[in-house]
Structure formats: structure tokens, C-alpha cells
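Since the structure comes first, as C-alpha cells, the remarks are kept for the end.
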Amino acid sequence: MEHQTDPTAAPLSADQAPGFEALFERLDAELDSGRSEQAQATIQALRQSPLINPGDGIRLEARELRQKLTQGISQEMVDQAFALIDRAEQLYEQEQQRRPLADALICLARFQSKSHLSALALASLGRAETLYDALQDEANLFRCLNLAAKILHDAEMYQEVVNRLEPWAHDAQRLAGLSLEQRYSLLVNLAAAYSFLDRPADATYWQEILYAEALTLDQPARLFRDAVNLANQRLWTGHLDEARRLLAVAEATHSAHPINREQQTFLAQNRALIAWKAGQHADAIALFHKARDLARSQSQWPILGRALRRRAECAEEAGMWEEALAARKEQLELNQSQLRAMRINSSNSMLGMMDHARTQAQNEYLRKHGNQLELELAERNRQLNASLLRLQGEIEVRRQAEADLQEARDVLELKVDERSRELEHAMRLLLERDKQLALGHLVAGVAHELNTPLGNALLATSTMSDSLQANRRAFEENRLRRQDLAQLHEELGHGLDIACRSLSRAADLVGRFKALAIEQSSAQVLEFKPQQVIENTLAVMAPMLRAQLIEVDCSAAREVILRSDPGALGQVLAQLIENALLHGFGPGFEPLVEGRPRTRQLKISGTVHQQRYVLGVEDNGCGIDAEQLARVFDPFFTTRLGQGSSGLGLHLAYRLVTQSLKGQIQLHSTAGAGCRVELTLPLDIQSAG
């Protein structure tokens with residue numbers, strides 16, 4: 001595609017004397033591309049033009065408010081936006097001028113979007129689109145589309161973004177009518193929406209088109225941005241070498257043409273992601289710290305949030321729990337501060353809208369009952385004057401009362417500040433204590449479980465060493481008998497058996513402990529029938545089930561198809577069956593009921609409910625006490641500590657269900673009445689987000 005230039009980007013000159021409408025087009029292009037200084041100069045030129053009429057004045061004020069909005073939002077600006085809407089509505093009712101009302105509605109939609117009032121912003125935008133469509137104004141229809149995409153992105157309605165942008169992206173005639181910057185904005189938004197919808201193929205397709213186009217243009221900033229975006233797509237699809245190559249292109253562009261702080265933040269974060277995915281966790285953590293500092297210094301809150309989240313995930317994967325906890329804490333503090341700011345903005349905007357609605361109602365009432373209200377107002381003024389004379393005598397008393405109240409308020413604020421500091425200190429101490437308790441519990445659980453098998457192995461090897469030394473001395477002193485040699489063989493065989501079983505138990509415990517850090521990137525998303533996974537798992541565990549005389553009832557729906565990770569589902573099912581055999585039908589199980597043998601039953605069921613697959617595993621074993629139910633999914637919690645149970649089985653199942661399978665797990669049980677574990681899984685794990 002040829003490099004297209006924007007004719008409205010040229011600076012103003014005295015001899016050009018462009019037309020009034022051409023100035024508006026230039027101003028719109030400058031605002032779209034963020035050229036603030038040029039936009040301010042064009043606004044001044046429009047202000048000095050003698051052609052301004054009431055409608056054009058409204059259009060110019062709408063653009064002035066848009067220019068001010070880049071510096072923040074205030075109550076005064078909100079009032080101006082609503083006043084502008086009122087004037088545009090009156091002009092539309094009197095003269096049917098669509099364009100001023102449409103421009104004012106777009107301005108109002110930007111304020112509503114900035115205040116996180118997405119539904120109201122989309123409603124205002126819909127009215128503006130209707131007016132522009134009647135005017136057949138393709139340029140402003142695209143601006144409505146672009147603003148709608150931003151609002152929908154902020155509201156996380158990514159499928160709606162795709163639905164709106166795809167018709168434009170696949171319409172060659174419409175694309176040809178856009179400027180290079182407009183076309184780029186459309187395709188970048190579309191690729192981002194595909195990425196958030198977990199459709200990497202579609203996102204990569206459009207990003208590759210943008211990157212190929214950027215290579216032909218003399219725009220270093222865009223080449224840098226497209227290379228970084230495509231590197232990010234390649235990174236998450238596992239193409240690390242391609243991601244490194246693209247990042248090298250971005251870094252080369254950076255070296256030749258200095259970039260701004262925001263682009264430096266993106267570069268640092270992508271370097272961190274590549275180091276993470278390459279297994280270089282320490283380097284990745286350091287780069288995430290750099291990205292965090294850059295984002296915080298520039299108030300880049302969305303980028304900061306992503307950097308903290310990825311840093312926490314990287315630290316958790318590497319087992320760096322303190323680093324992960326610190327990142328999660330920073331992420332929580334960021335979310336809380338953003339939530340407070342959002343509440344303040346939303347409150348101010350809602351108050352402005354309430355005032356606007358109240359003013360409209362009052363104006364309407366005044367138009368209908370003007371004369372009567374004027375008489376009532378005159379009477380009310382006379383009454384107020386009389387009341388004012390009476391109130392003047394009370395002013396001094398009230399002033400003194402207010403002074404006393406202010407003094408009491410100051411004292412109270414000092415006490416509140418002091419209590420707040422004490423509470424904050426207590427909360428810090430409590431958090432530190434909880435961290436120490438959690439770490440102590442983790443260390444104690446691992447040490448206790450490993451102590452017995454390692455102690456047995458050490459005792460067995462020590463005994464074998466003593467026997468071997470005694471046999472060697474007998475051999476050297478020429479008093480070795482055949483009976484001694486046979487006894488040595490027996491002791492060595494017995495000792496090796498004990499050592500092997502103990503070390504195997506220790507290795508199994510270490511393996512279960514390592515399994516707590518679930519590797520998300522290793523999951524395979526396939527289409528499969530869960531009934532087949534259930535049957536395969538039961539076939540593998542059939543010897544254990546027969547050994548305990550378990551009757552299995554499997555009633556899962558055979559035609560259900562999931563798009564998920566079959567390996568994780570099989571592992572969860574095996575853990576649940578093993579838990580039932582070990583605990584449900586363990587030492588606490590009563591084999592006789594009223595003198596008659598009690599059948600050991602295990603029931604597995606699978607149904608589809610409200611577009612979710614519900615898998616149930618139920619036994620009629622000894623059940624779980626009520627006080628233990630709240631801790632069954634905690635790591636190293638077991639009722640058979642030191643008796644062959646590690647306390648990691650149900651915790652691992654919980655991690656697999658909630659993280660790998662994107663589902664939920666619930667356990668229902670009462671002592672002596674069996675146990676039922678219920679999994680609720682999405683039919684398509686990719687659409688679950």
C-alpha cells in the first residue's frame with residue numbers, strides 16, 4: 001500500500017485562506033492524531049473567522065471541550081458539555097440542523113466514557129451515528145466507530161468490538177476511503193479485540209499486515225509499535241525465536257530513533273516476557289521491576305497493572321513466593337487506588353447528570369407555568385426578605401456555634417488520624433504474622449512427611465553398612481562361614497527393600513509438592529468426550545478398585561464433547577478416586593451395618609447444565625467431619641498425617657480445576673454419610689477467558 005499523506009496536516013498560512021469547512025476537517029484530523037499544538041492554532045483560526053453561525057459555534061465548542069479533555073475532566077467541563085447539548089437540541093428542534101447536535105453528542109459520549117459510564121456513552125454515540133448516517137458523513141461515522149471500539153474495549157466487550165470493526169476491515173472500498181492513521185487505528189483495535197478473545201490466529205493475521213505495511217513506511221514510531229505488538233503475539237503462541245527477532249527490530253529502531261517513555265515501558269515488559277517464557281525467571285523479575293518503575297513514573301496504569309500481574313505469575317511459577325506476594329500486594333493497592341478514582345469520577349459525573357436533569361425539568365416547568373411562577377416568586381421574595389431580617393439576629397449565634405463545632409471537628413480528626421495510624425500498624429503486623437504462619441505450616445508439612453521415609457532409608461542403609469563391615473572383618477580374619485554370607489544376603493536384601501520403598505515414598509512426596517506449581521503453558525486444549533477420560537481412568541485404577549471390592553456406577557452422558565485439557569481432567573479424576581479409596585473407605589469405614597455387610601459404592605456422573613459440564617464423584621464412605629470441611633483443599637492438610645497421606649491430593653485437584661480447567665470444585669459431606677465432589681467445567685475452555 002502506498003504511503004498516504006494527510007492533506008489537513010499542513011500548517012496554516014495567511015495566503016492560503018482555507019474554507020471554513022476545510023478548517024473543521026483539519027481540526028478533526030489534528031485531534032484524531034493527538035497533535036495538540038496544531039489543533040490549538042486551528043481553533044484560534046476558527047475563532048477569528050467571521051463565518052461562525054450558532055450551529056458552527058456549537059461544533060467548535062464541542063471540539064474545544066475534546067481538546068481540554070486530554071488534560072483531565074472537571075465538573076465545570078461536564079456542565080459545559082450538558083449546556084452544549086441543550087443548545088444543540090434547541091437548534092435541532094427549531095432549524096433541523098443535524099450536524100451541531102451530532103458533534104455535541106460525540107463530545108458528551110467522550111465525557112461519559114471518561115467517567116466509565118459505558119452504557120450512557122454508547123447511547124449518546126448511537127444518536128450521533130443516526131444523525132451522521134442521515135448526512136452520509138463517512139468520516140464522522142468512522143469516528144463514531146472508533147470511539148465505540150474504545151468504549152467497548154474499556155467495558156471488556158471484545159466480541160462486540162469485533163462485530164463492529166470486522167465489516168469495515170473486510171470492506172476494501174471503505175478502507176480505501178480512510179486516511180492511513182484511521183485505517184491503522186481500526187486494524188490495531190481489531191487485532192487487540194481478537195487477542196483478548198483468545199483468537200491468536202486472527203490477531204496475528206491483522207498484526208502481520210500492519211507490520212508488513214510498517215516496513216514500507218518511513219515512520220520509526222509505528223514500526224517500533226507494530227514490531228512490539230507482533231512480537232507479543234508470537235510470544236504467547238510459543239514462537240520465542242520469532243518474538244526475539246521482532247523485538248530486535250524494535251530495539252534497532254529504538255537505537256536509530258529515540259522513543260518515548262511509554263514505548264520504553266512496552267519494550268521492557270516484552271523483554272521480561274521473553275525471559276520468563278525462556279525459563280530465565282530471575283532476569284524476567286528484574287525486567288518486570290524496570291517495566292513497573294517506568295509505568296509508574298509515567299502514570300501508565302493499565303501497563304502497570306499488566307506488569308504486576310505478569311511478574312506475580314512468573315514468580316509463582318518459579319516458586320519465588322515472597323516476590324509473588326509482593327507483586328500481588330502492589331497489584332491490589334493499584335486496583336484499590338483506581339477504584340477510588342473511578343468512584344470519584346463516576347460520582348461527579350452522576351451529580352452533573354442529576355443537576356442537568358433537574359435543570360431541564362425546572363426549565364420545562366417554567367415554560368408551562370411562567371406567569372404563575374413569577375407571581376409566586378415575587379411573593380416568596382417578600383417572605384424571604386422578612387425572614388432575612390429575623391435571621392440576621394441569629395447569625396452571630398450560629399457563627400459562634402460553627403466555630404465551636406469546627407474546633408471539636410479538628411480534635412476529632414486528630415484522634416481519627418492517630419487511630420488510623422495504629423490500625424495500619426496493627427494490620428502490617430497481622431499480615432507479617434500470617435505470612436510467617438503460612439510459611440511455617442508449609443515447612444512443617446514438608447518436613448514431617450519427608451522425615452519418616454528418609455529416616456527409614458537412613459536406618460536401613462546404616463544397618464546394611466554395619467552388617468557389611470562385620471562381614472568384611474570376618475573375611476579378613478578368615479572366619480567367614482557360609483551361614484554368615486547367607487545372613488548378610490538376607491539383611492542386605494531386607495535393607496535395600498526398606499530403603500527403596502522409603503526413597504520411592506520420598507520421591508513421590510517431592511513430586512506432589514512440585515506439582516503444586518501448575519505449568520499452564522504445557523496444557524493441551526483438545527476436543528474430547530469426558531466419558532472416554534472417565535473410562536480410561538477407571539481402567540487404569542481397576543486393580544485398586546477390585547482390591548477393595550468397590551462397586552462402580554458410571555452414568556456420564558456419552559455424547560458430550562468438551563474443548564479443554566483431557567490430561568488435567570484425568571489427573572483430577574484419579575486424585576478424587578484415590579482420595580475416596582484412602583479416606584472414604586479407609587480405617588474409619590464401617591464394613592457392617594446392623595450386622596449385615598455394607599457394600600462399598602463409587603458413583604461417577606456427568607451432565608450438562610446451563611452450558612456447563614457438571615462431573616460428580618460420590619462415595620458412600622465414612623464422610624468428613626464438619627470442622628474439617630473448610631480445610632480439605634488446603635495444602636498438607638490430612639487426617640492421616642504420617643500414615644501414608646501427604647495432604648496434597650485434593651489441593652492439587654483444586655489447582656487443576658480452577659486454573660488449568662477454568663472451572664469450579666465443591667465438596668459436600670457429613671460424617672458417616674459419604675462424600676460428593678462436584679466439578680463445574682466450561683464446555684469450551686478458550687471461551688471461558
Side-chain angles (χ1 to χ4, degrees), residues 152 155-163 193-202 309 313 515-516 518-538 541 552-580 584 601-620 624 629-630 632-634 649-670 674-689:
L152 293 169
E156 300 183 353
M157 300 170 66
Y158 305 116
Q159 185 58 54
E160 185 63 23
V161 175
V162 170
N163 294 341
Y194 280 134
S195 179
F196 281 112
L197 287 173
D198 205 10
R199 292 168 60 177
D202 293 326
R309 182 173 70 253
E313 293 171 354
L516 291 178
I518 301 173
E519 179 59 45
Q520 296 288 339
S521 61
S522 64
Q524 294 185 353
V525 179
L526 304 171
E527 286 189 357
F528 64 94
K529 293 184 177 181
Q531 174 66 18
Q532 188 64 46
V533 175
I534 296 172
E535 291 176 355
N536 292 343
T537 305
L538 291 175
M541 305 190 73
V552 179
D553 177 13
C554 182
S555 59
R558 293 183 174 274
E559 301 305 321
V560 177
I561 296 179
L562 297 184
R563 183 172 180 80
S564 186
D565 184 357
L569 180 59
Q571 190 175 355
V572 170
L573 190 58
Q575 290 286 358
L576 296 180
I577 295 175
E578 182 181 346
N579 187 74
Q601 297 177 342
L602 181 67
K603 182 178 180 181
I604 301 177
S605 61
T607 59
V608 175
H609 180 65
Q610 295 182 350
Q611 298 301 312
R612 309 276 284 183
Y613 182 70
V614 181
L615 176 63
V617 179
E618 184 175 0
D619 64 68
N620 65 336
I624 304 174
L629 279 175
V632 292
F633 294 123
D634 292 350
L650 284 182
H651 179 68
L652 179 58
Y654 175 82
R655 293 281 301 277
L656 286 168
V657 171
T658 57
Q659 297 186 20
S660 292
L661 298 176
K662 307 293 185 185
Q664 299 175 344
I665 181 171
Q666 293 181 323
L667 187 146
H668 309 279
S669 179
T670 54
C675 176
R676 174 177 173 81
V677 181
E678 192 172 274
L679 313 182
T680 305
L681 309 175
L683 296 179
D684 187 346
I685 193 174
Q686 292 182 337
S687 65

Side chains of [X] and [Y]: does their closest heavy-atom pair fall under 4.5 Å?
| X | Y | answer |
| --- | --- | --- |
| Leu667 | Ile624 | yes |
| Asp565 | Leu569 | no |
| Ile577 | Ile604 | yes |
| Leu615 | Val677 | no |
| Ser669 | Arg676 | no |

Nearest 0.5 angstrom please: [X] [atom1] to [Y] [atom2], how far?
| X | Y | atom1 | atom2 | value |
| --- | --- | --- | --- | --- |
| Leu538 | Cys554 | CG | SG | 6.0 Å |
| Leu526 | Ile685 | CG | CD1 | 11.0 Å |
| Gln686 | Arg563 | CD | CZ | 4.5 Å |
| Phe633 | Arg655 | CZ | CZ | 13.5 Å |
| Gln571 | Leu652 | CD | CG | 5.0 Å |

So does [Y] get a backbone contact from the side chain of [X], meaning a donor-acceptor N/O pair under 3.5 Å?
| X | Y | result |
| --- | --- | --- |
| Thr658 | Gln664 | no |
| Asn536 | Gln532 | yes |
| Ser564 | Leu661 | no |

Considering all heavy atoms, the nearest [X]-[Y] contact:
| X | Y | result |
| --- | --- | --- |
| Val162 | Ala193 | CG2-CB, 3.8 Å |
| Gly663 | Leu681 | CA-CD2, 4.2 Å |
| Val572 | Ala653 | CG2-O, 4.0 Å |
| Arg612 | Pro682 | NH1-CB, 3.5 Å |

Using side chain to side chain contact (heavy atoms under 4.5 Å, CB included), reason through Leu576 and Leu650 one step at a time and then give a plain yes or no.
CA-CA 7 Å; Leu576 296 180; Leu650 284 182; 3.8 Å; yes
Side chains of Gln531 and Glu535: donor-acceptor distance under 3.5 Å anywhere?
yes
Gln601: side-chain hydrogen bond (donor to acceptor under 3.5 Å, both in side chains) partners, not counting sequence neighbours
none
Step-by-step side chain to side chain donor-acceptor pair (under 3.5 Å) determination, Gln159 to Asn163
CA-CA 6 Å; Gln159 185 58 54; Asn163 294 341; 3.1 Å; yes
Given the rule in the side chain to side chain contact (heavy atoms under 4.5 Å, CB included) test, do Val657 and Thr680 qualify, once you have shown the distances and angles that lead to the verdict?
CA-CA 9 Å; Val657 171; Thr680 305; over 6 Å; no
Under 6.0 Å from the OH atom of Tyr158, do we count more than 12 heavy atoms belonging to anything else shown?
yes
